[in-house]
Colleague: 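The following block contains the structure, expressed as structure tokens.
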Amino acid sequence: MVVGEFTTEVDTVVIGAGPGGYVAAIRAAQLGQSVIVIEKEHVGGVCLNVGCIPSKALISASHRYEQMDHSEAYGIKAEHVTVDFLKVQEWKSQVVDRLTGGVKGLFKAHGIELVEGEALFVDTDVVRVNHGYESSRYKFNHCIIATGSSPIEIPGFKWSDRVLSSTGALALKEVPKKLVVIGGGYIGIELSSAFAGFGTEVVILEGTPSILPAFEKRLIAPVKKKLKAKGVTIYTNALAKGVEETDSGVAVTAEVKGKAQVFDADYVMVTVGRRPNTKDLGLDLAGVEVTERGLIKVDKQGKTTSDKIYAIGDIVSGLALAHKASYEGKVAAEAISGEASEIDYRAMPAVVFSDPEIASVGLSEEEAVKEGYEVKTGQFPFAANGRALSLGEPDGFLKIVSRASDGLVLGAQIVGASASDMIAEFGLAIESGMTVEDLALTIHAHPTLGEIAMEAAEVVLGKPIHIAK
């Protein structure tokens, strides 16, 4: 319904079409709301276009190359294996296009209107969309902000053709001979592993005492071992100071444990974190408060300090995860529809697509103890699993953290092949209030990696079959 000359009324406006925004829009439409999605760049957001999906495609291609080039142990030898990186990028783009096209198709199927342009609040219930020299206004009953985040540009490292964010690295048209990576978090480690798999000489500069500082040291050990085997050099307590660029490369200056060092490379990739995209939205006009870090303040349903406006994903507190944004999007859409839905992060998984993969959900042993639990743990190695050995993936382990009194599953941590898939069983266990006995009594197919979950549960119970007590 047209309210004014340039104003359209709608039940729900969603700002941002990433994994938080598009999921929120679809759920809102399913619940009977008229929905408009505003997107200034790409449907699918960072995740589908320049993040989760293209990086995993690149990682997958890297693994395939490594397998072809290093299969002598299996009696398979391939000579003169080469990489056509432009073809790799073409394939990666096809994956992205298929998924983003799928999102557009879902919008159409649910009657969701997609509006291209940049959103700006002009009131607590009105947003203006600027597209070029034109603009339009939308009056809403509710709005869900899902604008995501952007890579942090650090002093002395201005983005250029040689100084890359993860976005720039994913768009390279060649496999670098040498690459310096600043930041040993999950993005830096994933892409370092991928490029090293293609044969790039990689140097990682991490400012803290360890790579992947958010994870337990024992989980990181197999990843460090594999990175070293790929020729990756890791410097911890290393602070990047500046870079000199030439037409053919970079010279990165860093302070490593108090001493200055220079690292020459074709490119430098900066992956030190991301900042929320909350500037230039007119949040003050909408009555939406933000923290000093630029994060939007929300309650357990995603509602901001403005009753009609909700926020989800990277722009609110918590881990910057695509599946977190999607989950919050569903909660927000259900909340504005009057349902008693609220956010509970108890079973929120975290995954690093390193080599081998790392995955965790729930509480670690240390976290559980800090929360006052008396815990009992069980750990089972991939090296004692038949499927892992037949895959040539013996590195890693699975650890279960349970409540000692009754075996309630509190958390799990995995490092090993397909950890990203295996962690789902433990998310379900925590969400459903299952015990380690429930896991142990569940018949798992043989031979599979999934058996490791059952075996670890039996370790907690003191009755392991395939390892000695």
Side-chain angles (χ1 to χ4, degrees), residues 184-187 189-190 193 208-227 318-321 323-324 345-385 387-388 393-404 407-436 438-440 442 444 448-461 464 466-467:
Y186 74 95
I187 296 175
I189 295 303
E190 287 181 358
S193 182
T208 71
S210 174
I211 61 170
L212 299 172
F215 292 89
E216 295 180 20
K217 289 183 179 179
R218 291 198 63 203
L219 289 170
I220 301 168
V223 176
K224 291 173 69 175
K225 175 184 174 183
K226 187 62 74 75
L227 287 170
L319 298 173
L321 303 169
H323 50 273
K324 169 181 172 286
Y345 296 128
R346 178 179 51 171
M348 181 67 64
V351 175
V352 183
F353 290 86
S354 48
D355 185 12
E357 294 177 353
I358 295 176
S360 67
V361 69
L363 301 176
S364 67
E365 182 177 0
E366 182 180 357
E367 290 169 339
V369 170
K370 283 183 179 179
E371 290 196 14
Y373 289 103
E374 183 179 345
V375 302
K376 194 171 183 180
T377 66
Q379 185 171 302
F380 193 86
F382 274 58
N385 175 264
R387 180 60 173 157
E393 298 284 359
D395 294 333
F397 62 88
L398 186 157
K399 178 180 178 180
I400 299 176
V401 180
S402 70
R403 188 164 63 190
L408 182 73
V409 177
L410 300 174
Q413 297 82 44
I414 311 172
V415 57
S418 297
S420 58
D421 298 314
M422 294 171 65
I423 201 66
E425 178 171 354
F426 292 93
L428 177 62
I430 294 169
E431 191 69 36
S432 304
M434 294 172 65
T435 67
V436 288
D438 293 325
L439 294 176
T442 300
H444 291 67
T448 63
L449 296 175
E451 289 177 281
I452 298 174
M454 176 185 67
E455 303 266 20
E458 291 180 335
V459 173
V460 179
L461 296 170
H466 292 106
I467 59 172

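Everything numeric in this text was worked out from a predicted model, so none of it was measured.
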Colleague: For R218, enumerate each residue passing the side-chain hydrogen bond (donor to acceptor under 3.5 Å, both in side chains) test, keeping only those at least two apart in sequence or located in another chain.
Modeller: Q379

Colleague: Only counting residues at least two apart or in another chain, list the ones meeting side-chain hydrogen bond (donor to acceptor under 3.5 Å, both in side chains) with Q413.
Modeller: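 side-chain hydrogen bond (donor to acceptor under 3.5 Å, both in side chains) list for Q413, sorted by chain: empty.
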
Colleague: Do T435 side-chain atoms and D438 backbone N/O form a donor-acceptor pair below 3.5 Å?
Modeller: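 Indeed, once roles are kept as given, a pair shorter than 3.5 Å links the two residues.
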
Colleague: Apply salt bridge (Lys or Arg N to Asp or Glu O under 4.0 Å) to E190 and list each qualifying residue two or more places apart in sequence or on a separate chain.
Modeller: K56

Colleague: Could you work out, with salt bridge (Lys or Arg N to Asp or Glu O under 4.0 Å) as the rule, every residue matching K324, not counting sequence neighbours?
Modeller: E328

Colleague: In Å and rounded to the nearest 0.5 Å, what is the CG to CZ distance from L398 to F426?
Modeller: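 Result: 4.5 Å between the selected atoms.
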
Colleague: E458: what forms a side-chain hydrogen bond (donor to acceptor under 3.5 Å, both in side chains) with it, not counting sequence neighbours?
Modeller: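 Testing E458 for side-chain hydrogen bond (donor to acceptor under 3.5 Å, both in side chains), a comparison that skips the adjacent residues, returns none.
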
Colleague: Applying the side chain to side chain contact (heavy atoms under 4.5 Å, CB included) test to F382, which of D395, I452, V415 qualifies?
Modeller: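 The single option meeting the side chain to side chain contact (heavy atoms under 4.5 Å, CB included) with F382 is I452.
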
Colleague: Considering non-hydrogen atoms only, spot the tightest contact between E216 and S364 and give its length.
Modeller: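 Taking E216 first and S364 second, the nearest heavy atoms are OE2-CB, 3.2 Å.
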
Colleague: Begin from the C-alpha positions of L219 and F397 and carry the test side chain to side chain contact (heavy atoms under 4.5 Å, CB included) through to its verdict.
Modeller: CA-CA 8 Å; L219 289 170; F397 62 88; 3.9 Å; yes

Colleague: Could you report the tightest heavy-atom contact between V351 and A359, atom names first, then the distance?
Modeller: CG2-CB, 4.0 Å

Colleague: Passes side chain to side chain contact (heavy atoms under 4.5 Å, CB included), I358 versus Y186? Steps please.
Modeller: CA-CA 10 Å; I358 295 176; Y186 74 95; over 6 Å; no

Colleague: What's the spacing between M434 CE and L439 CG if we round to 0.5 Å?
Modeller: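 The CG atom of L439 is 4.5 Å from CE of M434, to the nearest 0.5 Å.
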
Colleague: Nearest 0.5 angstrom please: N385 CG to E393 CD, how far?
Modeller: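 The CG atom of N385 sits 11.5 Å away from the CD atom of E393.
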
Colleague: Can you confirm whether F380 sits close enough to P464 that some side-chain heavy atom of one is under 4.5 Å from a side-chain heavy atom of the other?
Modeller: no

Colleague: Just by distance, do the side chain of S402 and the backbone of A404 share a donor-acceptor pair under 3.5 Å?
Modeller: no

Colleague: Just wondering, do L319 and M348 contact through their side chains at under 4.5 Å, heavy atoms?
Modeller: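 Sidechains of L319 and M348: no contact.
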
Colleague: With sequence neighbours excluded, what pairs up with E371 under the side-chain contact (heavy atoms from CB on, under 4.5 Å) test?
Modeller: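 Residues passing side-chain contact (heavy atoms from CB on, under 4.5 Å) with E371: L363, Y373.
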
Colleague: Applying side-chain contact (heavy atoms from CB on, under 4.5 Å), name anything that partners T442, two or more places apart in sequence or on another chain.
Modeller: H444

Colleague: According to salt bridge (Lys or Arg N to Asp or Glu O under 4.0 Å), who are the partners of R387, at least two apart in sequence or on a separate chain?
Modeller: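 Per chain and number, R387 pairs via salt bridge (Lys or Arg N to Asp or Glu O under 4.0 Å) with no residue.
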
Colleague: Between I423 and P349, what is the shortest heavy-atom contact and its length?
Modeller: CG2-CB, 4.2 Å

Colleague: For A424, what residues pass the side-chain contact (heavy atoms from CB on, under 4.5 Å) criterion, not counting sequence neighbours?
Modeller: none

Colleague: Over all heavy atoms of both residues, which pair between I220 and I211 is shortest? Give the atoms and the distance, please.
Modeller: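 Taking every non-hydrogen atom into account, CD1-O, 3.3 Å.
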
Colleague: My understanding is that only residues two or more places apart in sequence, or in another chain, count here; which of them pass salt bridge (Lys or Arg N to Asp or Glu O under 4.0 Å) with E366?
Modeller: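 Listed in chain order: K370.
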
Colleague: For D421, give me all partners under side-chain contact (heavy atoms from CB on, under 4.5 Å), at least two apart in sequence or on another chain.
Modeller: S418

Colleague: Quick one: closest heavy-atom pair of E425 and G450, and the distance?
Modeller: OE1-O, 4.4 Å

Colleague: Please name the pair of heavy atoms, one in A347 and one in E431, separated by the smallest distance, quoted to 0.1 Å.
Modeller: CB-OE1, 3.6 Å

Colleague: For K226, give me all partners under side-chain hydrogen bond (donor to acceptor under 3.5 Å, both in side chains), at least two apart in sequence or on another chain.
Modeller: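 Only D355 meet the side-chain hydrogen bond (donor to acceptor under 3.5 Å, both in side chains) criterion with K226.
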
Colleague: Can you tell me how far the CZ atom of F215 sits from the CD1 atom of I189, to the nearest 0.5 Å?
Modeller: 11.0 Å

